[in-house]
> 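Here it is, the structure, as structure tokens.
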Amino acid sequence: MTFSRRNALAMLITTLSMPALPVWAGKREIFSKDNMAIDGYDAVAYFTHSKPVQGIDSLTSEWNGAKWLFSIAENKSAFDVNPEDFAPQYGGYCAYAVSKGYTATTDPDAWTIHEGKLYLNYSKTVRLLWSRDIPGHVASADMNWPSVLQ
């Protein structure tokens, strides 16, 4: 074997023995429509106002490849300091769907806060299914996330 063949073989063996890195084929980590997370609703308002509140275009942040809107400057500031505290779980995809091993869109009005985390669902009907066993669904969804993006 020549030196270049040995090098090529060594590179091939090294490449094949490397652990596979996840590749998200086509699905973004944050569910968004027109690059807008939660359809433009204020993620912080779910916690501070206990309801979905539409954000405004003049109060935006960019995080994880999506645009986030806020209804008041204080909410934008809180999100900017620690977005993980306010962003919906599973990238804003339907939490129930993720618990079942797939992704689905969400309705900003179909939401739940459980143990300090925001979960969105496809619809209020699906939220009802989700609410029957939130801890069990969270455990399943945690196991499926983020591989459901593949």
Side-chain angles (χ1 to χ4, degrees), residues 11-150:
M11 286 174 38
L12 178 64
I13 290 169
T14 301
T15 302
L16 292 175
S17 65
M18 293 176 73
L21 297 175
V23 176
W24 313 132
K27 291 185 186 168
R28 300 177 66 161
E29 186 177 347
I30 302 294
F31 171 67
S32 60
K33 295 177 185 169
D34 298 324
N35 202 38
M36 185 81 55
I38 319 177
D39 288 337
Y41 281 78
D42 182 337
V44 178
Y46 287 97
F47 296 90
T48 60
H49 292 80
S50 299
K51 65 180 182 179
V53 176
Q54 185 68 50
I56 57 176
D57 288 330
S58 62
L59 293 172
T60 65
S61 293
E62 294 285 329
W63 181 71
N64 268 10
K67 184 177 178 182
W68 300 77
L69 269 61
F70 303 94
S71 56
I72 59 174
E74 292 81 5
N75 288 2
K76 179 187 177 333
S77 295
F79 185 88
D80 289 344
V81 169
N82 200 352
E84 292 89 359
D85 284 352
F86 301 103
Q89 299 301 294
Y90 318 119
Y93 289 93
C94 175
Y96 182 78
V98 173
S99 77
K100 298 301 180 185
Y102 60 95
T103 61
T105 61
T106 52
D107 176 352
D109 289 317
W111 62 281
T112 306
I113 292 179
H114 175 72
E115 295 185 354
K117 296 180 180 180
L118 175 61
Y119 298 90
L120 298 175
N121 291 115
Y122 175 78
S123 66
K124 289 181 180 179
T125 302
V126 171
R127 181 182 63 187
L128 200 60
L129 295 171
W130 165 258
S131 69
R132 291 181 181 161
D133 182 16
I134 294 174
H137 293 307
V138 167
S140 295
D142 286 350
M143 288 176 51
N144 293 333
W145 184 258
S147 62
V148 293
L149 295 175
Q150 296 178 356

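Here, residue 1 is the first one in the sequence, and each next residue gets the next number.
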> How close do Ile113 and Leu118 get, counting heavy atoms only, and between which atoms?
CG1-CD1, 4.2 Å
> Between Arg28 and Asn35, does a side-chain contact (heavy atoms from CB on, under 4.5 Å) hold up when you go through it step by step?
CA-CA 10 Å; Arg28 300 177 66 161; Asn35 202 38; 3.2 Å; yes
> Could you grab the distance from atom CG of Asn64 to atom CD1 of Ile30, nearest 0.5 Å is fine?
4.5 Å
> Between Tyr93 and Lys27, which heavy-atom pair has the shortest distance, and what is it?
OH-CB, 3.9 Å
> Test your reading of the model: is there a side-chain donor-acceptor pair from Gln54 to the backbone of Asp42, 3.5 Å cut-off?
no
> Check whether Asp34 reaches the backbone of Met36 with its side chain - one donor and one acceptor, N or O, closer than 3.5 Å.
no
> When rounded to the nearest 0.5 angstrom, what distance separates CG in Leu59 from CG in Leu69?
8.0 Å
> Testing the basics here: between Ala141 and Ala95, what is the closest heavy-atom pair and its distance to 0.1 Å?
CB-O, 4.0 Å
> Given 3.5 Å as the limit, does a donor-acceptor pair link the side chain of Ser140 with the main chain of His137, or not?
no
> From the options Leu120, Asn121, Thr106, select the one residue that forms a side chain to side chain contact (heavy atoms under 4.5 Å, CB included) with Val126.
Asn121
> Side chains of Asp142 and Tyr90: any donor to acceptor distance under 3.5 Å?
yes
> Hey, are Asp80 and Ser61 close enough side-chain-wise for a donor-acceptor pair under 3.5 Å?
yes
> Would you check, one step at a time, whether the test ring pair (Phe, Tyr, Trp, His ring centres under 6.0 Å) holds for Tyr122 with Tyr96?
CA-CA 8 Å; Tyr122 175 78; Tyr96 182 78; over 10 Å; no
> Starting at CG of Asn75, measure out to CZ of Phe47 and round the result to the nearest 0.5 Å.
11.0 Å
> Dump the intermediate steps for salt bridge (Lys or Arg N to Asp or Glu O under 4.0 Å) on Asp107 and Lys124, then the final yes or no.
CA-CA 8 Å; Asp107 176 352; Lys124 289 181 180 179; over 6 Å; no
> For ring pair (Phe, Tyr, Trp, His ring centres under 6.0 Å), just list the numbers for Trp130 and Tyr119, CA-CA rounded to whole Å, side-chain angles, deciding distance to a tenth of an Å, and then say yes or no.
CA-CA 10 Å; Trp130 165 258; Tyr119 298 90; 5.2 Å; yes
> Could you grab the distance from atom SG of Cys94 to atom NZ of Lys100, nearest 0.5 Å is fine?
11.0 Å
> Could you tell me the separation between the CD atom of Gln89 and the NZ atom of Lys117, rounded to the nearest 0.5 Å?
5.0 Å
> Quick check for you: to the nearest 0.5 Å, what is the distance between Ile56 atom CD1 and Ile72 atom CD1?
9.5 Å
> Could you walk me through whether Lys33 and Asp39 pass the side-chain contact (heavy atoms from CB on, under 4.5 Å) check?
CA-CA 6 Å; Lys33 295 177 185 169; Asp39 288 337; 3.1 Å; yes
> Just checking Glu84: does its CD atom have more than 12 heavy atoms from other residues, nucleotides or ligands closer to it than 6.0 angstrom?
yes
> Can you tell me if Tyr46 uses its side chain to pair, donor with acceptor, with the backbone of Pro108 under 3.5 Å?
yes
> What are the two closest heavy atoms between Phe86 and Ala43, and how far apart are they?
O-CB, 3.7 Å
> Show the numbers, then the answer: is there a side-chain contact (heavy atoms from CB on, under 4.5 Å) between Thr60 and Phe70?
CA-CA 6 Å; Thr60 65; Phe70 303 94; 5.8 Å; no
> Would you check if the distance from the ring center of Trp68 to the ring center of Phe79 is below 6.0 Å?
yes
> Could you tell me which non-hydrogen atom of Asn144 sits nearest to which non-hydrogen atom of Ser99, and how far apart they are?
ND2-O, 3.2 Å
